[in-house]
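The structure presented is a predicted model; accordingly, all values stated were derived computationally and were not measured. First listed ligand is number 1; within each ligand, the first listed atom is number 1.
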Amino acid sequence: MTEETRTASTHTSTQAVHGAAARRKPSGSVTTPIVQTSTYTFADTAELRDFMERKHYRGGGDSVEYGRYGNPTVEAVEAKIAALEGGDGALLYPSGMSAVTSVLLTLLRPGLHIVLTDDCYRHTHDFCVGFLKRYGVETTVVPMGDDAALEAAIIPRKTRLILTESPTNPYLRIADLERVAALGKAHGALTMIDSTFATPVNQRPLEWGIDLVMHSATKYLAGHNDLLAGVIIGRQDRIDALREHRGLLGGIVDPHAAYLLDRGIKTLALRVQQHNANAQAVAEYLEAHPKIARVWYPGLASHPDHALAKAQMRGFGGVVTFEVAADFDGTSAFIDRLRIPYIAASLGGVESLIQQPALMSHFEMAADERRAQGITDNLVRFAVGIEDAQDLIDDLAQALE
Ligand SMILES: *Cc1c(COP(=O)(O)O)cnc(C)c1O
């Protein structure tokens, strides 16, 4: 694949369609073929010898010998996502959690330390605070948005990683990416962000100096509620090191899922514009409604991080969180009356999904622990899809009556 054969554009909508794909694909196919193989052959032992010697000093490369190390369909999607985020390279994993756990297991060792911001994805929190602790890695959780606490939590020569998320779940708090990156550089710690809620259409963290960007590609990147995948994007040397460990830890996305992900990403720019517009309209409607107690959406002037979101994002995303002026059962009844959104976990697909965190994502927590985290009984998370905005608003209106 020579440079001339690649699509050269820095525009997200063009990159989402063409990425870094070769203009000329096998059999003249317009789409990237699904290479359904577990292993790869060599013409003779001389070719194998040449391959092994090249691989030895390249650490990665254009071709692979076995499916756990790479796959042409997977690599085409990785190149596309790297282009979208403005990174040198990307690595796909079979889920977002597989990406998080593989990266953290690669970067950390006993005695090292993580600084993690709160209001983060629950399983990321549990992996750091619970699982990694068994292996001698300590984690300090600091309040999102408290830069002084973040800096104070850094332990010289021990803090290897500052891990944050933006926007967060469920309160859609925004990390000041430039400040987080600067703190990491000043203290010799790597910075990593879970940018799932933002997508590369709305935010490009590498441009603010963040070292590693992670997505649950299950969400907006795939966009159709039909597959699981995770991805990590960064500088070439970091991606090379992570690739070696991906082969060891064993989590690589399946070529079929990679193909569906590629297909989903082709419409990413269009879909995210619609998610942004729909969520803004829904958030404004809910904020003005007397039966809604409170709304969190970074596109609203009332959101604590609105100014920061405006400064570093090109859109505010598709998730709206709100409190109904009702008790636990009244909130459930409101959700039951809705006709368009499905009651389901997850977000980022074309279909609107809605959930009551106290009943779903945070159900297993003790009620007092849940409340300490600010998860009230009447809290609702609405992952707004790409349906007609007025239909969604009319549906909310009838359910709130
Ligand atoms: C869903 C999600 C994850 C986990 O991704 P999976 O693909 O479900 O493993 C991580 N972070 C965020 C912000 C998510 O929404």
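- Looking only at atom types and distance, the side chain of Thr159 has a donor-acceptor partner in the side chain of His113 under 3.5 Å away.
- For Tyr40, the OH atom is densely surrounded, since the number of other residues' heavy atoms within 6.0 Å is greater than 12.
- The protein non-hydrogen atom at the shortest distance from atom 7 (O) of ligand 1 is Thr218 OG1, 2.6 Å.
- In this structure, Arg263 forms no cation-pi arrangement with Tyr259, as its terminal cationic atom is not both closer than 6.0 Å to the ring centre and no more than 45° off the ring axis.
- Between Ser98 and ligand 1, not a single N/O pair is under 3.5 Å apart.
- Remark: among candidates Tyr121, Tyr220, Tyr93, the nearest residue to atom 3 (C) of ligand 1 is Tyr121, based on non-hydrogen atoms.
- Within a 6.0 Å sphere centred on NZ of Lys310, heavy atoms belonging to other residues, nucleotides or ligands number 12 at most.
- Between Leu347 and ligand 1, a contact under 3.5 Å exists for no N or O pair.
- Without hydrogens or angle criteria, His224 side chain to Gly349 main chain gives no donor-acceptor distance under 3.5 Å.
- Close approach of ligand 1 to Thr196 is summarised as follows: ligand atoms under 4.0 Å from at least one heavy atom of the residue are 12 (C), 13 (C), 15 (O).
- Close contacts between ligand 1 and Asp194 involve ligand atoms 10 (C), 11 (N), 12 (C), 13 (C) [criterion: under 4.0 Å to a heavy atom].
- In this structure, the protein non-hydrogen atom closest to atom 5 (O) of ligand 1 is Ser216 OG, 3.0 Å.
- Set against the non-hydrogen atoms of Glu165, the atoms of ligand 1 under 4.0 Å away are 13 (C).
- Taking distance alone, with nitrogen or oxygen atoms compared against 3.5 Å, Thr124 stays at or beyond that limit from ligand 1.
- Annotation for Arg337: atom CZ counts as buried by contact number, over 12 foreign heavy atoms lying within 6.0 Å.
- Nearest protein neighbour of atom 9 (O) of ligand 1, counting heavy atoms only, is Met97 N, 2.8 Å.
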Show your reasoning for whether side-chain hydrogen bond (donor to acceptor under 3.5 Å, both in side chains) applies to Arg314 and Asn276. CA-CA 10 Å; Arg314 289 177 289 189; Asn276 289 343; over 6 Å; no
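- Within ligand 1, counting atoms from 1 as listed, the ones closer than 4.0 Å to a heavy atom of Gly96 are 5 (O), 6 (P), 7 (O), 9 (O).
- Looking at Lys219 against ligand 1, only its side chain comes within 4.0 Å, counting heavy atoms.
- The backbone N or O of Gly385 sits less than 3.5 Å from a side-chain atom of Asn278, completing a donor-acceptor pair.
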